[in-house]
Amino acid sequence: MGKNFWLVKSEPEVYSIDSLEKDMETPWEGVRNYQARNFMRDSMCVGDKVLFYHSNADPTGVAGVATVSSPPIPDETQFNKKSEYFDPKATPQKPNWICVKIAFKEKFKTIITLAEIKSNKALKDMVLVQPGSRLSVQPVTQKQFETILGMARRK
DNA sequence: GCCAACGTTGGC
DNA sequence: GCCAACGTTGGC
């Protein structure tokens, strides 16, 4: 339990690390990519550590840390006709989209920017910096996670 | 706002 | 099952 490490992306104008700090916990809804869903459904465990990344932001980068705080649960937005994430093919008996809840852990004093991540050789294998990679939920290694944390502590 | 890269959809 | 067209992501 709690031995995997992840990175999730969010546009801060939609949901930022400050939003999570205020809510303390939130279902990670609205992911509509099968690979990302499969990570949440099949591989995430309660207690896993999560880097919270701000995309389409100024600056873009890792803004803080969260933890996985629930087992996989159906993403409720797929049943809501009014939601932009509504999926007419999904039913409560046969949900198509699965998510987990994440809980606030910490907000970094400053963002660890994408530029800083790219210039750190220890992080060159991160999924985040692979050309063309757009996964919004992605695995990171323990070492990558600790490297980012170290950069945040040092600033 | 632009645009490259990727994922999904749908005709055949 | 192929693949062109379209939509989305996300850095810049």
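Lettering of chains follows the sequences in order, A, B, ..., and the numbering in each one begins at 1. In what follows, every heavy atom counts, from backbone to side chain, and hydrogens, waters and symmetry copies are set aside.
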Practice prompt. Give the angle between the helix axes at the two ends of the helix from B:dG1-C:dC12 to B:dC12-C:dG1, taking five base pairs at each end and rounding to 10°.
Written response: 10°
Worksheet item: Ion pair present between A:R32 and A:D87, side-chain N to carboxylate O less than 4.0 angstrom?
Response: no
Discussion item. With a 4.5 Å cut-off on side-chain heavy-atom distances among I, L, V, M, F, W and Y, is there a chain of contacts connecting A:F39 to A:I102?
Written reply: yes
Worksheet entry | By salt bridge (charged side-chain N to carboxylate O under 4.0 Å, His left out) - contacts of A:E29 (at least two apart) | none
Pairwise side-chain contact, [X] with [Y], heavy-atom cut-off 4.5 Å (strictly under):
X: A:I73; Y: A:C99; value: yes
X: A:W97; Y: A:V31; value: no
X: A:K3; Y: A:C45; value: no

Fill in: Nucleic acid footprint by protein, nucleotides 5-12 of chain C - heavy-atom cut-off 4.0 Å, B for base, S for sugar-phosphate alone
---BBBBS
Fill in: Aromatic plane relationship, A:F52 with A:W28 - under 30° parallel, 30 to 60° tilted, over 60° perpendicular
perpendicular
